[in-house]
Amino acid sequence: MDIATIIGILVAFGLVVSAIGGGISSFIDPPSMLIVIGGTVGVLLVGYPLKTALSVIGIVMKTFLYKVDSGSEVIAKLVELAQTVRKDGILALESEVGDIDNKFMAKGLQMAIDGQEPSVIEDILYKEMDKVAERHAIGAEMFTSLGTYAPSMGMIGTLVGLVLMLQNMSDPSSIGPSMSIALLTTFYGALMANILFLPMSGKLKNRSKQEMLVHEIILVGVQSLVIGENPRIMEQKLLGYLPPKERKSSFD
């Protein structure tokens, strides 16, 4: 569970609601919500294939629940495996693979056990990294697009409200509801874009970078296992991927 995402959304919406105060009911307008929310979903379906657009639900869940492995934990595990290889040989990892949750690491280790050359392992794992990064980019791009669509639909709603108001200037009772649509659609669009969609896009991009870094560490670590590199040397090589404050040796 990503506590930061939940806290951020609650704080942002909470501050907006607290600024509104007791007049919250004045900011609830079903026609305005229909224009912005419905219109944004509709435009997303126009811009992306149905399967891709529907995946947005799962991507939203990932912003709350997805956990990226820690680089330091991955390095510690690779060093542990390197010590096993140094003592009992590469085939000793056969019993370890089933207990590894990280599928990317498990795949790399299985190739190492099967006797693949480091260059072959590098080629296969880099291709997988490219595909993972591509999928991540599509998810982040969708939220960036939603962050563009929502304010745009808000502006369309504003124009609808203004047209309705100008058409009924002779009827004072119709001016209020029309102005409500005109202003609230812009409000809803800006709220959705700047509190939900654009920040989620940024978080997805950040997580993708973190995951690619961990995958890079795993790739280099598996290659070191294949060539039987000294665990201390391998650790120093892998620690170079981490910021100085996160570098902790297993041999201290």
Side-chain angles (χ1 to χ4, degrees), residues 1-48 53-68 70 136-169 171-211:
M1 180 70 73
D2 188 343
I3 302 299
T5 300
I6 297 174
I7 292 176
I9 291 174
L10 291 176
V11 168
F13 274 110
L15 290 174
V16 172
V17 171
S18 65
I20 293 172
I24 187 68
S25 59
S26 301
F27 285 78
I28 299 175
D29 185 70
S32 298
M33 291 181 179
L34 185 63
I35 291 172
V36 177
I37 298 175
T40 300
V41 172
V43 175
L44 182 69
L45 292 173
V46 174
Y48 293 88
L54 292 177
S55 69
V56 74
I57 299 172
I59 296 172
V60 169
M61 295 306 297
K62 284 185 177 181
T63 62
F64 292 99
L65 302 175
Y66 190 72
K67 180 180 180 295
V68 178
S70 163
H136 289 176
I138 291 173
E141 179 191 286
M142 273 203 298
F143 277 91
T144 301
S145 297
L146 286 169
T148 303
Y149 298 154
S152 298
M153 294 307 302
M155 288 302 299
I156 291 174
T158 297
L159 294 175
V160 169
L162 291 175
V163 169
L164 292 174
M165 184 185 70
L166 293 173
Q167 286 179 340
N168 298 280
M169 290 294 288
D171 181 8
S173 65
S174 67
I175 295 177
S178 298
M179 278 297 293
S180 175
I181 293 177
L183 297 176
L184 286 178
T185 50
T186 298
F187 173 73
Y188 291 151
L191 207 64
M192 291 167 60
N194 294 290
I195 293 182
L196 294 177
F197 299 142
L198 295 179
M200 284 183 175
S201 174
K203 174 147 286 187
L204 289 170
K205 290 176 183 177
N206 183 264
R207 283 197 177 146
S208 180
K209 290 179 181 178
Q210 291 177 339
E211 186 169 342

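Numbers here are sequence positions counted from 1.
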Among V160, I37, T185, which residue meets the side chain to side chain contact (heavy atoms under 4.5 Å, CB included) test with S32? T185

[X] side chain vs [Y] backbone, donor-acceptor pair below 3.5 Å:
| X | Y | value |
| --- | --- | --- |
| S201 | A140 | yes |
| N206 | G202 | no |
| R207 | T63 | yes |
| S18 | L15 | yes |
| Y149 | G42 | no |

[Y] side chain reached by [X] side chain, heavy atoms, under 4.5 Å:
| X | Y | answer |
| --- | --- | --- |
| L184 | M33 | no |
| L183 | T158 | no |
| V17 | F27 | no |
| M142 | S55 | yes |
| K205 | F143 | no |

Specify the closest pair of heavy atoms between G147 and A193, including all atoms of both residues, with the distance to one decimal.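 Taking every non-hydrogen atom into account, O-CB, 3.3 Å.
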
Working to the nearest 0.5 angstrom, can you tell me the gap between [X] [atom1] and [Y] [atom2]?
| X | Y | atom1 | atom2 | value |
| --- | --- | --- | --- | --- |
| I35 | Y188 | CD1 | OH | 10.5 Å |
| L196 | L146 | CG | CG | 10.0 Å |
| I138 | S145 | CD1 | OG | 11.0 Å |
| I59 | L204 | CD1 | CG | 7.0 Å |
| F13 | I195 | CZ | CD1 | 4.5 Å |

Set out, in order, the CA-CA distance, both residues' side-chain angles and the distance that settles side chain to side chain contact (heavy atoms under 4.5 Å, CB included) for T148 and F197, then state yes or no. CA-CA 9 Å; T148 303; F197 299 142; over 6 Å; no

Looking at I57, I'd like to know if its CD1 atom is crowded, meaning that more than 12 non-hydrogen atoms belonging to other residues, nucleotides or ligands lie closer than 6.0 Å.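 Result for CD1/I57: open.
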
So V16 and F187, side chain to side chain contact (heavy atoms under 4.5 Å, CB included) or not? Walk me through it. CA-CA 11 Å; V16 172; F187 173 73; 4.0 Å; yes

Assess whether side chain to side chain contact (heavy atoms under 4.5 Å, CB included) is satisfied between F64 and M200, documenting all intermediate values. CA-CA 10 Å; F64 292 99; M200 284 183 175; 4.0 Å; yes

Is there a side chain to side chain contact (heavy atoms under 4.5 Å, CB included) between V41 and M153 once you walk through the steps? CA-CA 10 Å; V41 172; M153 294 307 302; over 6 Å; no

